[in-house]
Number of protein chains: 2
Amino acid sequence: MVRPGGRSARVQHAVHTAVRELEAEVGRDALTVPLVAARAGVTPSTIYRRWRDLQQLLSDVAVERLRPDAAPEDRGDLASDLEAWAEQFLDEMASPPGRAYIRDALLGDPDGSNAGQCSAYAAEQVGVVLARAAERGEKAPDVESVIDHVIAPMMYRILFRPGRLDASYARRLVADLLA
Amino acid sequence: MVRPGGRSARVQHAVHTAVRELEAEVGRDALTVPLVAARAGVTPSTIYRRWRDLQQLLSDVAVERLRPDAAPEDRGDLASDLEAWAEQFLDEMASPPGRAYIRDALLGDPDGSNAGQCSAYAAEQVGVVLARAAERGEKAPDVESVIDHVIAPMMYRILFRPGRLDASYARRLVADLLA
DNA sequence: ACTCTAAAGCAAAGACGTAGCTTCTAAGTG
DNA sequence: CACTTAGAAGCTACGTCTTTGCTTTAGAGT
């Protein structure tokens, strides 16, 4: 049972913060559970008990970092909004740190719930764009179509075919979808 | 330098075999490098040197298992061929072992070459189907289109949205592409 | 205030990962 | 057919990480 205002929450926050700090300081590959524990001021066994291993901890932190921090920009029409969002999404996700976070999120995650959360974030952002279009009276596809025709192809390339990506790919996918 | 007929090749084979056997016997989570080494009759340091860690070893083995073992079935026309291939692909990849292999292949792979290999396997199979269609004189899409419109959406769901999949999804994607 | 329980601390034992050095083996050469 | 050589495997010792049982703490509910 998680007690929101209590010690558990403090520990979780301290550990997450320690991971982010150390990731920046010593690099991902040098991270170890004892190192994180020392920085967070907890004992290693606490981390092992709560997260089971370093992978799952990194996965948790990665999901946090993949959460969008702002609503998609409003450029006045669906095509522009979607194009801008897709370009930014691709740009962030295809970057080396972006790819690392995606891999971490997928990795320590037997049941896929962390990865599912990432997908939900993207779907939510797209949902906002589509809802705005609907309010304007524009004809808009549904979220599922955007996932299948825009997000999925971008993700596939990011994960399976690195080095075959640029912003024009995002624009082409959006254009094809809206055609 | 790898010497195909020599000791290196024997060791690599013994280690891969040991991984597959132990995976079946004790389960993935109980695999460790020393355990694999003992079964393969080599010392742990050999594995650490060649593969660096367990993840990369599992990644190598996973790629091997994801290699298709036969050419796609010929059902006489493009739509049927592609539909059959997509259904089988989805079925294999969405299964628990299939997902585990995909994750392993993605995982121990900083530069994405193992994952790229998996993608290449799928592209090759699709290429065979499309080439047959071209020989028959059918109008066929190119491989890139199939990747974007069929493979990528299936993979995205497998990785990010488990539990939202069935064979009809594969059929729908193929039908939409060929429409 | 008191009780109760989930979570954290502690400590010791065992397993794992790393690195230096030695030994082997197969490919190339005269 | 020896001989050389370099890459790869074996061995070993050390340090670090992981696991586990038990104890202690702190916050939620009464």
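Every chain is numbered from 1 and lettered A, B, ... according to where its sequence line falls, protein lines coming before strand lines.
Closest approach to the B/R50 side chain among C/dG9, D/dA9, C/dA7 is made by D/dA9 (side chain taken as heavy atoms from C-beta onward). You'll find that the side chain of A/R49 is closest to D/dC22, out of D/dG10, D/dC22, D/dT25. The side chain of A/S45 lies closest to C/dC10 when the candidates are C/dC10, D/dA8, D/dC11.
The CH2-P distance, from B/W51 to D/dA9, rounds to 8 Å in whole Å. When rounded to the nearest whole Å, the span between CD1 of B/I47 and P of D/dA9 equals 10 Å. The CZ-P distance, from A/R10 to C/dA7, rounds to 15 Å in whole Å. Atom CZ of A/R7 and atom C1' of D/dA26 are 5 Å apart (whole Å).
A/R157 forms a cation-pi arrangement with A/Y169, by the criterion of a distance under 6.0 Å to the ring centre and an angle within 45° of the ring axis.
Listed pair A/T46 / C/dA8 fails the phosphate criterion, with no side-chain N or O lying under 4.0 Å from OP1 or OP2.
Test A/V128, A/D81, A/V126 against A/P72 for side chain to side chain contact (heavy atoms under 4.5 Å, CB included) and you get one pass: A/V128.
Listed by residue number, the members of residues 14-41 of chain A with any heavy atom below 4.0 angstrom from DNA chain C are A/G41.
Note on A/R99 versus A/E92: no salt bridge recorded, every NZ/NE/NH1/NH2 to OD/OE distance being 4.0 Å or above. The existence of a salt bridge linking B/D176 and B/R171 is excluded, since no basic side-chain nitrogen approaches an acidic carboxylate oxygen closer than 4.0 Å.
Interatomic distance, A/L159 CG to A/M93 CE, rounded to the nearest 0.5 Å: 10.5 Å.
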Q.
Assess the residue pair B/S145 and B/D142 against the criterion (side chain to side chain donor-acceptor pair (under 3.5 Å)); give the C-alpha distance rounded to whole Å, side-chain angles, the decisive distance to 0.1 Å, and a yes or no.
A. CA-CA 6 Å; B/S145 297; B/D142 59 11; 2.7 Å; yes
